[in-house]
Amino acid sequence: MQSRGFKMALVQMKMQREKAKNVLKAHKMISEAAEAGADVIVLPEAFTCNYSKFPILENAEPIDDYETNEEATAARMLSEAAKEHSVYIIGGSIAERRDDGKIYNSSPCFDKEGNLALKYTKCHLFDVEIPEKDIKIKESDFYEFGDNFGIFETEYCKFGIGICYDARFPDFSQVLCREMGAEFLVMPAVFTAPTGEMHWDILRKTRALDNQAFFAFCSAARPIEDPTLHQCYGHSSIVDPWGKVICDSGHEETIVYSDIDMTIVEECRSQIPCYSQRRHDLYKLDKVT
Ligand SMILES: NC(=O)CC(=O)C(=O)O
């Protein structure tokens, strides 16, 4: 019998420039969350470095052979922490260097035995220019595009994984939920503060509502005291399938917890039966891979 209740922790850590310090801090915060009773622990996007071009390249590491490759310090820490505390870890994201020498933005997810159960690679890269907000970012200058979907199966539910900008693509989330059975979307993120101000709240609610699923954003904390670092929005949060925000962290370094009851998904989908009332005689989702 599937267990439908669990505690989720969103680790909103403040990153520094040095990878080793970030890995150490992530381990400490994971341990704190596990000791507080969390069953599923989520980290932010790019938690090994402050989100910007040069630290990302310098801090890249392999993921697949994390058990034997000495360079895989972050992935190995996540695996060991998952096993040590017997928790699921959705490992934010790590700049992943593959054998071809190219860098990907990948989210490694570990089961309670510390096995790498999923590696999802960000498939929508944030290439945008908004002059009025002084934002010019071209992630595709330093990351390659991913091409897989991320379903992380646990005894609680299937989690659908996306990273940051992925949240802006409704059909991506719909494929995860409607085609692949995810009931809980989890997106590690470091939205810019101005774009977060404009869209974070709308996006977290609409992705939950249009899939009648739980939705979590896990951000880094905003390093206000050092303007040379990436100023992300913060506000790690969870929205339930009815569109209600059930926790929100603000922008300081913290861990936010929520007790999740997955039966709300069935309740919501049966009371407002959008799933069964879709007009597939008129339109369909087009999943191509
Ligand atoms: N940084 C991102 O990937 C996305 C973001 O900041 C936004 O969509 O806004």
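Only a predicted model underlies this, so the values are computations on that prediction, with no experimental measurement involved. Just so you know, ligand 1 is whichever comes first in the structure, and atom 1 is the first atom listed for that ligand.
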Say whether Glu45, considering both its backbone and side-chain N or O atoms, lies within less than 3.5 Å of an N or O atom on ligand 1.
no
Other residues, nucleotides and ligands only: do more than 12 of their heavy atoms fall within 6.0 Å of CD on Gln271?
yes
Salt-bridge present (Arg98, Asp100; N to O < 4.0 Å)
no
Identify, for atom 9 (O) of ligand 1, the protein heavy atom at the shortest distance, and state residue, atom and that distance.
Thr195 OG1, 2.6 Å
If we number the atoms of ligand 1 from 1 as shown, the ones under 4.0 Å from a heavy atom of Val190 are 1 (N)
Would you check whether His124 reaches within less than 4.0 Å of ligand 1, judged by its heavy atoms?
no
His199 and ligand 1 - part of the residue with a heavy-atom distance under 4.0 Å:
neither
How about Lys83: does its NZ atom have over 12 heavy atoms from other parts shown lying under 6.0 Å from it?
no
Could you check whether Phe152 and Tyr120 have their ring centres less than 6.0 Å apart?
no
Hey, is Phe126 touching ligand 1 through its side chain, its backbone, both or neither, going by heavy atoms under 4.0 Å?
side chain
Check each atom of ligand 1 against the heavy atoms of Cys164 and keep those under 4.0 Å away; list them by number with element.
1 (N), 2 (C), 3 (O), 4 (C)
Ser93 side chain to Asn105 side chain, donor-acceptor N/O pair below 3.5 angstrom:
yes
What atoms in ligand 1 come closer than 4.0 Å to a heavy atom of Thr192?
6 (O)
Under 4.0 Å, heavy atoms only, figure out whether ligand 1 is touched by the backbone of Ile137, its side chain, both or neither.
neither
Identify which of Met198, Arg168, Lys122 has a heavy atom lying nearest to atom 8 (O) of ligand 1.
Arg168
Under a 4.5 Å cut-off applied to non-hydrogen side-chain atoms, are Lys28 and Leu24 in contact?
no
So, do Arg4 and Glu183 sit near enough that their side-chain heavy atoms are less than 4.5 Å apart?
yes
